Amino acid sequence: MSLAFLGVADHPLLQAGATARHDAKPAVSSRGAAESGPSAGSETLAAGSVRFEGVGKVYTSSAGRVEALQEISIDIAAGSVFGIIGRSGAGKSSLLRTINRLEQPTVGRVLVDGEDIAAYGESALVALRRRVGMIFQHFNLLSAKTVFGNVALPLLVAGVGTAEIEARVGEVLKLVGLEGKERTYPSRLSGGQKQRVGIARALVSRPDILLCDEATSALDPETTLSILSLLKDINRRLGLTIVLITHEMSVIREICDEVLVLEAGGIAETGPVWQVFGNPRHEATKALLAPLTRGLPEEIASRMTSSPASDTALALIDFTYTGEGGREPDLARLVALLGSQLRIVQSQLDRIDGHLSGRLIVSAPAAGDLPSRLSGQDLAHGARIIGYVPANA
Amino acid sequence: MSPQMLDRLWQAFLDTLTMVGVSAIIALVVGVPLAVFLVLSSPGGLINAPRTNRVLGAVINGFRAAPFIVLLVALLPFTRLVTGTTIGVWAAIVPLSISATPFLARIAEVSLREVEHGLIEAAQAIGCRRWHIIRHVLLPEALPGLVGGFTITVVSMIGASAMAGAVGAGGLGDMAIRYGYQRFDTTVMVAVLVVLIATVCLVQFIGDSAVRRLRAR
Ligand SMILES: Nc1ncnc2c1ncn2[C@@H]1O[C@H](COP(=O)(O)OP(=O)(O)OP(=O)(O)O)[C@@H](O)[C@H]1O
Ligand SMILES: [Mg+2]
C-alpha cells in the first residue's frame with residue numbers, strides 16, 4: 001500500500017522519523033557493544049528489537065495462583081510486525097505488557113534493544129515507555145481532554161516546549177487523518193477516530209516499538225481495515241516494530257510477518273505467518289484457524305461414501321498446499337495427472353507474503369491406479385482421497 | 001419584621017457564609033489530597049503504604065462516626081489552641097472543617113476510584129510519573145464527581161453550621177433555633193428558613209450545572 005492512500009507521502013514526521021532512525025542505528029549498536037552482559041553479543045541491534053528469555057509470570061492474588069506465562073523465549077526483529085494469538089486467557093496481554101513493564105516477569109528477562117529492562121530505575125523506565133508506544137482495545141483516551149490534549153500529553157509530561165508540541169501534534173494528527181479535530185472531545189468521535197487518536201498519542205513520542213492489545217476488536221470490519229492499513233503504512237514508512245494481539249486471524253494474515261501462538265501460557269508454535277497458517281502443527285493453532293476452514297459442501301458430504309459405489313464413481317481428492325517451495329495448483333498438470341473430467345469441488349487457497357497455502361478439493365474418475373498416481377505426485381504437498389461420490393454428482 | 005431584625009438576618013447570613021465558605025475551602029484543600037492518597041495507597045495502587053492507608057481509613061471513619069455536636073464540644077481545647085478562642089465564627093470553623101474534611105474525603109474517594117484503570121495504565125504507558133497521573137488523569141477525569149461531592153458537602157455543612165450557635169458563632173441556623181424554637185417568633189423563623197432554603201438551592205443549582213457542563217464534554 002502506498003502512502004498516497006493517506007495523502008501524506010511527503011509528511012515531515014515520516015521523514016523526520018526515517019532520518020532519526022538512520023542516525024539512531026549506529027548509536028544503538030555501539031550501546032549494545034559497550035554493554036557487558038551475556039546478551040550483548042557481537043550482533044548489531046536495530047532500534048526496536050525485543051527478546052524474551054525464559055519469561056514466566058505468576059499472578060498471586062486472594063483468588064489463588066495463576067501461572068500466566070511459562071518459559072517464553074523468542075525474538076522479535078526490529079521493524080517487523082509480530083502477531084500474538086491464542087485463546088482467551090492464554091497469556092497474550094501478560095506477555096505484551098512485559099515489553100513496557102506494565103507487568104514484570106516473575107522469572108526470565110525481557111530485553112529491548114539488547115537491554116534488560118528489569119534493571120531500569122524510574123527515569124530509565126519512563127524513557128523506555130517513550131520509546132514503546134501502546135494502543136488499547138478500548139482506546140483509553142482521557143475524556144476531560146480534547147484530541148489535542150490527549151495527543152500532546154506524552155510530550156507535555158516529557159517537558160517538551162509548547163511550540164514543538166503544537167508542531168508535532170499537528171504532524172501526527174495529519175498522519176492518522178484527524179486534522180481539524182484538535183478541539184474535539186473524544187466522546188464526540190467514532191470508534192475508528194478514537195483509535196486514530198490513540199495511535200497518534202502513541203506515535204507522538206516517535207517510538208521504536210508499537211504495542212497493540214486487540215486494537216481493532218471494538219471496531220467494525222471496514223474501520224478495522226482502515227486502521228490496519230494505517231498500521232501497515234506506519235510500519236513501512238517509520239520502520240516501527242509492531243507487536244499486536246488479536247482474535248481476528250484475518251488481521252494476522254493482513255499485516256503480520258511472524259506470528260506466535262500461545263496456549264496456556266506456553267509457546268504452541270511460532271514462525272512466519274505463511275508457515276504457521278499454511279501448515280498449522282499445534283492443536284491450538286488448528287482450533288484458532290478452524291472457523292476459517294471451509295469443509296465440503298453439505299450436499300456432497302452427505303452423498304460421500306468411503307469406497308466407490310460403482311465403476312463410474314468419482315473420487316474426491318484433497319490437495320493441500322503448505323506454502324513451501326513454490327508448489328501451486330497448476331491446472332494443466334492436474335489435468336494431465338487426473339484426466340480431463342477433473343472438476344474443482346471446493347477450494348480454499350490463501351496467498352500470504354507470496355506463499356500460497358490452503359487446500360483444493362477436486363473430483364476425478366476413480367480409476368484403479370489413482371492411489372498410486374497420487375502417491376507419486378509432486379504438484380502439492382499432500383494429496384489424499386477423502387471419499388467417493390456417484391458420477392452424476 | 002423590624003429593620004433591626006433584617007440587620008440581624010443579614011449578619012447571620014454573612015456568618016453562615018464565612019463559616020461554611022472557609023470550612024469548605026479547608027475541607028477541599030485537605031480532603032481531596034487525602035482521597036487521592038487513599039485511592040493510590042489501596043492494594044495494587046501506585047503508592048505502597050498499606051499500613052498508613054489502614055490507619056488513615058480508621059481515623060477518617062472515627063471522625064465520620066462522631067455526631068457534629070459532640071465533635072464541637074470535644075474539639076474545644078484544640079479549637080482554643082488554633083484560634084485562641086472557643087467562641088465566635090472562627091471557633092466554629094475548626095470543628096466544622098474537621099468534620100467536613102473526612103466526609104468530603106470519602107465522597108471524593110468514590111469518584112476517584114471510578115476513574116477507569118485503563119486510563120491510568122495508558123498514562124503509565126506514555127511515560128507519566130505518579131504526579132502526572134494525579135494531575136492529568138485522576139483529578140480531571142473524576143472532576144464531575146468531585147464537584148458533585150463538594151456540593152453535597154457544602155449543603156450538609158450549611159445544615160451542621162446551625163449547631164455552631166452552641167459556641168456562639170451565630171449564623172442562620174442558630175437564628176432559626178433562637179427565634180423559632182426558643183421564642184416562638186414564627187415570622188423571623190420563617191424568614192430565616194426562606195433564606196436558608198434559598199442558599200441551599202442556590203449552592204445545589206450551581207453545583208449541578210457545573211457537573212452538567214463538565215459531563216457534557
Ligand atoms: N492482574 C492479574 N491478576 C491475576 N490474574 C491475572 C491478572 N492478569 C491476568 N491474569 C490471569 O492470567 C492469565 C492470562 O491472562 P491474559 O490477560 O494475559 O490473557 P489473554 O491471552 O490476554 O486473554 P484475552 O484474550 O482474554 O485478553 C489468565 O488466566 C488471567 O486470569
Ligand atoms: Mg488480553
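Keep in mind that this is a model prediction, so the values were computed, not measured. Residue numbers start from 1 in every chain, and the chains themselves are labelled A, B, ... in the order their sequence lines are given, proteins ahead of strands.
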_Can you list everything that forms a side chain to side chain contact (heavy atoms under 4.5 Å, CB included) with B:V195? Sequence neighbours excluded, please._
B:L9, B:F13, B:L172, B:T199
*Do you know which of B:P140, B:P43, B:A125, B:G44 has the most heavy-atom pairs under 4.5 Å to chain A?*
B:A125
*Count the heavy-atom pairs under 4.5 Å between each of B:R135, B:R129, B:E116 and chain A, then report the option with the highest count.*
B:R129
_Side-chain heavy atoms of A:L69 within contact of A:P105, under 4.5 Å_ = no
*Could you check if a side-chain atom of A:R201 sits within less than 4.5 angstrom of a side-chain atom of A:L141, using non-hydrogen atoms only?*
yes
*Enter the distance from A:E182:CD to A:E166:CD here, rounded to the nearest 0.5 Å.*
9.5 Å
*Value rounded to 0.5 Å, distance of CD1 in A:I76 from CG in A:L260*: 8.0 Å
*asked:* Less than 4.5 Å to any heavy atom of chain B: does that hold for the side chain of A:S61, its backbone, both, or neither?
replied: neither
_Per-residue contact mode, A:L128 against chain B (heavy atom under 4.5 angstrom)_ = neither
_Out of the candidates B:N61, B:T101, B:T153, only one should pair with B:R106 under the side-chain hydrogen bond (donor to acceptor under 3.5 Å, both in side chains) rule; please name it._
B:N61
I need the residue from [options] with the largest number of non-hydrogen atom pairs under 4.5 Å to chain B.
options: A:M134, A:K145, A:H138, A:R188; result: A:K145
options: A:S143, A:G133, A:S187; result: A:S143
options: A:N100, A:L142, A:V126; result: A:L142

